[in-house]
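Only a predicted model underlies this, so the values are computations on that prediction, with no experimental measurement involved. Whatever order the structure lists them in is the order used to number ligands and atoms, beginning at 1.
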Amino acid sequence: MIIGLDDTDSKESMCTTYLAAVLIEKLKEYGRINDYPLLIRLNPNIIYKTRGNAALAISLEPRRNKDIEAIKELVIETVRKMAVFSSENTNPGVVFIEDSSEKMKAELAEFSMRAVRDVLEIQEAVEILRRHNISHKGFKNGRGLIGALAASGFALCGLPDFTYELIAYREKERWGTLRDINEESVYAADAATRPDTWDTVDYENKRVVFAPHSPDPILFGIRGNSENAVRRAFSMIKSEPVEMYVVYKTNQNTDLHLIPAKINEVLDNRSYILKGKVKSAPKIIVGGHVIFELKDNSAVIECAAFEPTKGFRRIIRELRPQDDVTVFGSVKDKTLNIEKININDLNIHELRNPICCGKRMKSAGKGQGYRCEKCGSVKKEQALEILERKISQGFYEVPPCARRHLSKPLIRYQ
Ligand code: ATP
């Protein structure tokens with residue numbers, strides 16, 4: 001039996017992963033939890049999200065078939081008790097998949113992928129639930145059914161790529177207080193387990209980044225490529241008491257949200273991989289954001305490295321017209337927010353006024369070429385010169401402090 005959950009929290013409190021962690025403990029009385037619980041990140045541009053657009057799925061092997069109704073009741077009651085119903089934006093959804101046909105699997109695989117890449121309507125989830133007679137419970141407007149069904153779909157059909165996150169939760173009486181974590185131990189855990197773990201600390205910006213600052217139950221999360229690696233890092237961290245922890249399998253850091261596309265196919269609130277040439281020189285705008293135009297043979301789009309991407313903006317600032325690049329990121333208000341860039345080819349040529357007598361020649365007037373101020377000689381054309389560039393070809397990414405949950409870090413390419 002697969003149990004999908006979503007949309008139980010608010011900005012002020014709770015977290016759907018915590019509800020899942022509490023539920024896992026209760027469900028163990030009814031059977032065995034198969035595989036790892038799934039922590040699925042859905043489309044990062046959805047306006048309804050509280051924080052990271054997460055949805056959860058738990059796969060349970062019930063000991064006795066006659067417990068199934070009691071299990072459903074337990075899940076629904078736990079959501080009823082723990083979800084933040086007072087928040088207008090909290091619309092929980094719970095889905096129970098008990099059996100499946102090939103047709104249902106195919107539909108769910110497509111729906112789940114679209115929930116990561118596209119913008120869906122509640123009705124689309126409800127239609128699939130009804131068509132395949134999938135047991136479910138939507139609270140309030142039932143928006144959470146989208147995420148709950150999408151996470152269940154991945155549990156049923158599998159993930160094309162995945163990583164792990166160990167999430168440690170705080171004791172309830174500490175929620176909303178400053179987190180007590182020994183930073184030295186975090187740097188040591190990172191050094192001992194990297195590259196098998198990542199995004200625990202941000203060296204360039206000298207910050208511990210694995211702990212949130214919000215008043216939710218999460219103490220910290222360790223991301224990595226195996227259970228063993230995240231557990232090893234966890235064992236080294238000194239902190240306030242951990243109430244409980246769960247190792248999740250997740251689509252975080254896999255780039256599953258990115259759609260390869262041409263610029264004229266781009267829609268707001270989706271995420272893309274776009275290849276093209278820099279059209280205009282980067283500009284720094286108010287707030288310290290760096291913006292440039294990218295063109296391919298279909299259209300032009302603005303690309304931005306926003307202020308929170310810190311040192312990454314230094315790379316973007318160095319781009320020149322005609323540089324050949326591939327950008328990765330989400331599009332909002334017709335601007336692509338760059339998560340990563342591959343500089344395929346640098347334009348190292350520049351037309352400049354010719355040099356004569358050790359100095360640059362001056363324009364002799366419109367259409368009249370260039371004249372040497374010293375000897376008076378004239379040249380018709382500008383000269384093509386080789387330019388020294390401060391950046392080289394290759395991949396560049398935003399620092400860990402600005403990483404989006406779904407973005408695949410370069411450390412995972414090694
Ligand atoms: P947290 O990460 O703190 O658990 P959250 O950021 O996951 O919170 P939710 O409270 O789950 O935010 O709210 C997101 C809402 O958007 C859910 O109701 C979910 O079903 C819905 N949703 C998720 N993906 C899509 C999508 N692609 N299209 C439309 N709605 C979506």
Side-chain angles (χ1 to χ4, degrees), residues 3-23 37-58 79 82-95 108-129 134 136-154 165 167 169-170 175-176 211-221 223 246 248 250-252 256-259 267-272 330-332 403-406:
I3 302 163
L5 298 170
D6 197 14
D7 207 345
T8 65
D9 58 358
S10 76
K11 279 206 168 60
E12 291 70 41
S13 65
M14 266 297 291
C15 158
T16 306
T17 75
Y18 180 71
L19 196 150
V22 169
L23 206 50
L38 283 192
L39 164 54
I40 300 295
R41 297 289 176 177
L42 302 168
N43 185 339
N45 310 301
I46 291 298
I47 52 167
Y48 310 105
K49 70 176 184 176
T50 311
R51 281 176 289 262
N53 205 3
L56 278 294
I58 303 161
V79 171
M82 293 179 67
V84 188
F85 284 97
S86 55
S87 162
E88 194 196 334
N89 220 0
T90 301
N91 299 287
V94 183
V95 163
L108 272 189
E110 197 203 332
F111 177 87
S112 299
M113 197 60 119
R114 284 183 57 225
V116 178
R117 294 184 168 179
D118 208 343
V119 181
L120 303 179
E121 298 294 332
I122 302 173
Q123 200 47 34
E124 295 183 65
V126 171
E127 275 165 21
I128 294 182
L129 290 164
I134 302 171
H136 61 279
K137 170 83 184 156
F139 297 84
K140 292 166 71 182
N141 77 11
R143 177 169 300 283
L145 289 172
I146 296 176
L149 185 60
S152 309
F154 282 118
E165 179 164 4
I167 300 187
Y169 298 96
R170 314 183 72 188
W175 295 6
H213 298 284
S214 42
D216 60 73
I218 294 183
L219 180 58
F220 55 74
R223 294 170 181 204
V246 176
Y248 297 95
T250 169
N251 64 342
Q252 288 170 171
L256 198 66
H257 60 317
L258 299 175
I259 309 165
L267 297 173
D268 260 357
N269 300 323
R270 278 83 174 166
S271 310
Y272 295 98
S330 295
V331 176
K332 205 178 156 204
R403 180 120 46 227
R404 303 192 87 180
H405 294 297
L406 275 159

Closest candidate by heavy atom, reference [atom], pool [options]:
atom: atom 27 (N) of ligand 1; options: Leu42, Asp118, Asn141, Leu145; result: Asp118
atom: atom 26 (C) of ligand 1; options: Leu39, Ile46, Asn43; result: Ile46
atom: atom 31 (C) of ligand 1; options: Thr16, Val119, Ile146; result: Ile146

For side chain to side chain contact (heavy atoms under 4.5 Å, CB included), just list the numbers for Leu149 and Leu129, CA-CA rounded to whole Å, side-chain angles, deciding distance to a tenth of an Å, and then say yes or no.
-> CA-CA 8 Å; Leu149 185 60; Leu129 290 164; 3.8 Å; yes
Identify the closest protein heavy atom to [atom]: which residue and atom is it, and at what distance?
atom: atom 18 (O) of ligand 1; answer: Asp7 OD2, 2.5 Å
atom: atom 8 (O) of ligand 1; answer: Asp9 OD2, 3.1 Å
atom: atom 13 (O) of ligand 1; answer: Tyr48 O, 3.5 Å
atom: atom 21 (C) of ligand 1; answer: Arg143 CG, 3.9 Å
atom: atom 9 (P) of ligand 1; answer: Thr50 OG1, 3.6 Å
atom: atom 28 (N) of ligand 1; answer: Leu120 N, 2.8 Å

So, for Tyr18 and Trp175, is the gap between ring centers shorter than 6.0 Å?
->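 So the answer is yes for these two rings.
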Stepwise side chain to side chain contact (heavy atoms under 4.5 Å, CB included) test for Lys332 and Asn269 | CA-CA 5 Å; Lys332 205 178 156 204; Asn269 300 323; 4.1 Å; yes
Closest approach of [X] to [Y] (non-hydrogen atoms, all atoms of both residues):
X: His257; Y: Leu406; result: ND1-CB, 3.5 Å
X: Ser10; Y: Thr50; result: C-CG2, 3.4 Å
X: Thr250; Y: Glu165; result: CG2-N, 4.0 Å

Per-atom contacts of ligand 1 with [X], taking only distances under 4.0 Å to non-hydrogen atoms:
X: Arg51; value: 3 (O), 5 (P), 6 (O), 8 (O)
X: Gly52; value: 2 (O), 6 (O)
X: Ala54; value: 2 (O), 5 (P), 7 (O), 11 (O)
X: Asp6; value: 11 (O), 17 (C), 19 (C), 20 (O)

Is Glu124 salt-bridged to Arg114, going by a charged N under 4.0 Å from an acidic O?
->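 Result for this pair is yes, salt bridge flagged.
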Looking at Asp9 and Arg51, does any basic side-chain N land under 4.0 Å from a carboxylate oxygen?
->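 Here Asp9 pairs with Arg51 in a salt bridge, since their nearest N and O are under 4.0 Å apart.
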Assess whether atom CD of Glu110 is packed by more than 12 heavy atoms of other residues, nucleotides or ligands within 6.0 Å.
->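 No, the 6.0 Å shell around CD holds no more than 12 heavy atoms from other groups.
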Sub-4.0 Å heavy-atom approach of Asn53 to ligand 1 =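 Heavy atoms of Asn53 do come under 4.0 Å of ligand 1.
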Please verify whether a non-hydrogen atom of Gly144 lies at under 4.0 Å from ligand 1.
->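 The answer is yes, since Gly144 has a heavy atom less than 4.0 Å from ligand 1.
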Are any of the N or O atoms of Cys15 closer than 3.5 Å to those of ligand 1?
->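 Min N/O separation from ligand 1 is not below 3.5 Å for Cys15.
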Between CG on residue Asp6 and CG on residue Leu42, distance to nearest 0.5 Å =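 The distance works out to 6.5 Å.
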